[in-house]
Asks: 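Handing you this structure, nothing more for now.
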Amino acid sequence: MDIGLNEEQELLKNSAREFLAKECPEQHVREMEADEKGYSPKLWRKIAELGWHGLMIPADFGGSGLSFYDLCIVVEEAGRSLLPGPFVPNQIAVGLLLEAGSEAQHKKYLPPIANGSQIHTYAFTEDAGRWGAGDIALKAQRTREGVGLSGSKLFVPDGQVADVIWVVARGDNGFVVGAVPRAAKGVRIVPLNTMTGEKLAEVIFHSVGVARDDVLEIAGLDGFSNRATILECAYQVGLIQRDFEITIEYAKTRAAFGRPIGAFQAIQHKAADMVTDVDGMRFVTYRAAAAITDGDPSANLKVAMAKAWCSEASRRVVAHGQQIHGAIGFTKEYTIQLYFRRQKHGELFWGDADFHRERIAQMLSI
């Protein structure tokens with residue numbers, strides 16, 4: 001298939017790259033890594049002014065009404081700049097609302113997301129640390145007013161700053177997803193220490209009530225999981241593309257034995273392997289994004305194939321990058337370690353290669 005961009009998409013991509021190069025330089029990434037919030041409210045407002053928070057939100061609710069495919073283009077550029085903060089989790093919540101939300105829920109939640117006045121995230125993973133629908137154990141207890149939640153969720157992205165957390169739980173017939181305000185009674189946020197720089201949290205719920213009007217009923221989680229997984233892949237594509245470029249720039253300037261190390265065949269072979277992996281990641285990611293956008297019945301398979309490939313290919317690329325840089329690549333002062341550490345987050349989040357190969361085998365009835 002052709003994954004080339006049309007004129008409008010090229011403009012979107014170029015404008016996103018220019019904006020992030022100016023507003024999200026390496027220094028900003030480092031500052032947010034040390035910041036408890038993990039994001040800049042000032043930059044968040046600027047992103048809102050560009051309309052990115054509402055890319056997929058219909059115009060009637062303050063958005064641009066663009067497609068999931070278009071969103072992936074912006075998320076790739078976010079990965080290239082290592083944009084910190086809750087931009088991607090926010091978009092995952094948008095996709096969930098568009099898929100399963102009522103008109104009243106759209107009116108309540110989509111406008112404040114679009115204008116940047118609210119931050120949303122999701123709570124999916126539990127003690128098993130896996131990403132399948134079958135791994136959801138938290139049970140939503142029916143109450144007179146709606147549902148009650150008691151339990152915990154792990155690895156909640158940006159849970160410490162989100163205004164609303166969409167909590168995935170098992171219902172009587174399928175799944176329910178409840179909108180829980182971070183400040184709700186019975187909610188406790190425990191920040192988790194990570195090596196990647198990402199801000200993750202454990203969220204503990206003690207008899208937390210969710211009103212009926214704030215509950216989504218979903219028969220299955222394929223749509224939700226597919227969108228979240230491919231947004232992770234798109235972020236990784238941008239991250240790995242930039243890791244590759246930094247490495248090539250270094251190989252052209254670092255001299256050994258009287259010439260640039262890029263002149264040595266061993267380095268050239270690694271560079272060839274890197275660019276092959278990068279382009280492969282981009283192809284499988286956008287093929288899956290197109291399947292999601294078009295409602296293709298093969299979307300589940302294409303998403304699993306994309307994440308299996310991206311998880312392993314991204315690890316190979318950053319490993320080559322570190323080897324070409326040598327010891328300097330592991331120093332905190334040097335740029336490439338930022339990409340090396342964040343790759344590990346993307347490799348594991350929403351399932352590693354083994355997890356998705358198992359899914360592929362099941363879909364092929366092997």
Side-chain angles (χ1 to χ4, degrees), residues 68 71-72 75-76 78-79 82-83 85-96 99 120-138 153-159 162 165-168 175 177 192 194-203 218 220-240 281-282 284-289 291-293 299-315 318 341-363:
F68 178 76
L71 174 63
C72 289
V75 172
E76 179 185 342
L82 299 180
L83 176 66
F87 177 69
V88 172
N90 214 39
Q91 296 305 311
I92 292 171
V94 168
L96 178 65
E99 176 191 1
H120 289 229
T121 190
Y122 61 90
F124 187 95
T125 321
E126 298 180 13
D127 290 345
R130 288 174 60 83
W131 298 92
D135 300 304
I136 300 295
L138 179 64
K153 291 286 186 176
L154 287 173
F155 313 124
V156 177
D158 302 284
I165 303 171
W166 291 90
V167 184
V168 181
F175 298 89
V177 187
L192 300 175
T194 71
M195 59 161 270
T196 65
E198 306 288 344
K199 303 300 182 182
L200 304 175
E202 179 183 10
V203 182
I218 303 181
L221 296 174
D222 285 348
F224 173 77
S225 298
N226 284 346
R227 289 187 298 271
T229 300
I230 290 306
L231 288 179
E232 193 64 57
C233 289
Y235 193 95
Q236 286 284 297
V237 170
L239 181 158
I240 294 303
M281 288 176 63
R282 181 171 287 107
V284 295
T285 294
Y286 281 98
R287 184 181 68 161
I292 292 171
T293 302
N300 287 356
L301 180 60
K302 288 175 178 175
V303 167
M305 292 169 65
K307 189 56 166 68
W309 176 262
C310 287
S311 287
E312 289 197 336
S314 63
R315 185 175 70 228
V318 296
R341 288 189 288 119
R342 280 159 180 76
Q343 178 278 332
K344 183 56 67 177
H345 170 92
E347 178 186 342
L348 300 177
F349 229 62
W350 285 102
D352 62 5
D354 288 343
F355 175 85
H356 286 283
R357 274 196 290 264
E358 183 179 334
R359 293 185 62 221
I360 292 167
Q362 291 171 352
M363 283 184 268

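Only a predicted model underlies this, so the values are computations on that prediction, with no experimental measurement involved. When reading the values below, keep in mind they use all heavy atoms of this one structure, side chains included, and skip hydrogens, waters and symmetry mates.
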Asks: Between Cys72 and Thr285, is any pair of side-chain heavy atoms under 4.5 Å apart?
Replies: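 Contact flag for Cys72/Thr285 side chains = no.
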
Asks: Does Leu96 form a side chain to side chain contact (heavy atoms under 4.5 Å, CB included) with Tyr122? I'd like the steps, not just the answer.
Replies: CA-CA 10 Å; Leu96 178 65; Tyr122 61 90; over 6 Å; no

Asks: Within this structure, what is the CD1-CZ distance for the pair Ile292 and Phe68, rounded to the nearest 0.5 Å?
Replies: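 The CD1 atom of Ile292 sits 4.5 Å away from the CZ atom of Phe68.
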
Asks: Do Thr121 side-chain atoms and Pro157 backbone N/O form a donor-acceptor pair below 3.5 Å?
Replies: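 The answer is yes, because a donor-acceptor pair under 3.5 Å joins these two groups.
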
Asks: The test is side chain to side chain contact (heavy atoms under 4.5 Å, CB included); show your working for Asp158 and Glu198 and say whether it passes.
Replies: CA-CA 8 Å; Asp158 302 284; Glu198 306 288 344; over 6 Å; no

Asks: Where is the tightest heavy-atom contact between Ile165 and Gly159, given as atom of each residue plus distance?
Replies: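 So the minimum-distance heavy-atom pair works out to CD1-O, 4.4 Å.
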
Asks: Find out whether Val167 and Val156 are in side-chain contact, i.e. whether some heavy atom of one side chain is under 4.5 Å from a heavy atom of the other.
Replies: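 The answer is no, as the side chains (C-beta and beyond) never meet within the 4.5 Å cut-off.
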
Asks: Less than 4.5 Å apart, any side-chain heavy atom of Ile230 and any of Tyr286?
Replies: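 Heavy-atom side-chain distance check fails, nothing below 4.5 Å.
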
Asks: Do the side chain of Thr229 and the main chain of Asn226 share a donor and acceptor less than 3.5 angstrom apart?
Replies: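 Not a single qualifying donor-acceptor pair exists.
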
Asks: Strictly under 6.0 Å, is that where the ring centroids of Trp131 and Phe349 end up?
Replies: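 Centroid distance Trp131-Phe349: below 6.0 Å, so yes.
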
Asks: Say whether Arg342 and His345, considering side chains only, have a donor N or O and an acceptor N or O under 3.5 Å apart.
Replies: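 The criterion, which ignores hydrogens and geometry beyond distance, is not satisfied for His345 and Arg342.
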
Asks: Taking the side chain from Thr125 and the backbone from Gly129, do they hold a donor-acceptor pair closer than 3.5 Å?
Replies: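 Judged by distance alone, no pair lies under 3.5 Å.
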
Asks: Looking at side-chain heavy atoms only, is the closest gap between Val177 and Phe224 below 4.5 Å?
Replies: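 Answer no - side chains too far apart.
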
Asks: So, using ring-ring contact (aromatic ring centres under 6.0 Å, His included) as the criterion, who are the partners of Tyr235 when residues are at least two apart?
Replies: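 Residues passing ring-ring contact (aromatic ring centres under 6.0 Å, His included) with Tyr235: none at all.
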
Asks: Any side-chain heavy atom of Leu239 within less than 4.5 Å of one from Gln343?
Replies: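 Heavy-atom side-chain distance check passes, below 4.5 Å.
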
Asks: Could you check whether any side-chain N or O of His356 sits under 3.5 Å from a backbone N or O of Trp350, counting only pairs where one atom can act as donor and the other as acceptor?
Replies: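 Yes; judged by distance alone, with no hydrogens or angles, the pair exists.
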
Asks: Verify side chain to side chain contact (heavy atoms under 4.5 Å, CB included) between Asp135 and Phe124, making sure each step is shown before the conclusion.
Replies: CA-CA 9 Å; Asp135 300 304; Phe124 187 95; over 6 Å; no

Asks: Do Val88 and Ile92 come close enough that some side-chain heavy atom pair is under 4.5 Å?
Replies: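 Contact flag for Val88/Ile92 side chains = yes.
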
Asks: Using the test salt bridge (Lys or Arg N to Asp or Glu O under 4.0 Å), find all partners of Glu126 that sit at least two apart in sequence or belong to another chain.
Replies: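 Here the qualifying residues are Lys153.
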
Asks: With sequence neighbours left out, what residues match Asp127 under salt bridge (Lys or Arg N to Asp or Glu O under 4.0 Å)?
Replies: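 With sequence neighbours excluded, Asp127 shows a salt bridge (Lys or Arg N to Asp or Glu O under 4.0 Å) to no residue whatsoever.
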
Asks: Check whether any side-chain N or O of Lys307 sits under 3.5 Å from a backbone N or O of Ala353 as a donor-acceptor pair, and report yes or no.
Replies: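 Side chain of Lys307 to backbone of Ala353: no pair is present.
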
Asks: Show every salt bridge (Lys or Arg N to Asp or Glu O under 4.0 Å) that has at least one partner inside residues 345-354, sequence neighbours left out.
Replies: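 Applying salt bridge (Lys or Arg N to Asp or Glu O under 4.0 Å) to every pair that reaches into residues 345-354, excluding sequence neighbours, yields Arg315-Glu347, Lys344-Glu347, Asp354-Arg357.
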
Asks: List in chain and number order the residues that pass side-chain contact (heavy atoms from CB on, under 4.5 Å) with Ala313, two or more places apart in sequence or in another chain; answer none if no residue qualifies.
Replies: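 For Ala313 the side-chain contact (heavy atoms from CB on, under 4.5 Å) partners, ignoring immediate neighbours, are Asp277, Met281, Trp309, Arg316.
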
Asks: Partners of Glu76 by salt bridge (Lys or Arg N to Asp or Glu O under 4.0 Å), sequence neighbours excluded?
Replies: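 Partners of Glu76 under the salt bridge (Lys or Arg N to Asp or Glu O under 4.0 Å) test: Lys13, Arg282.
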
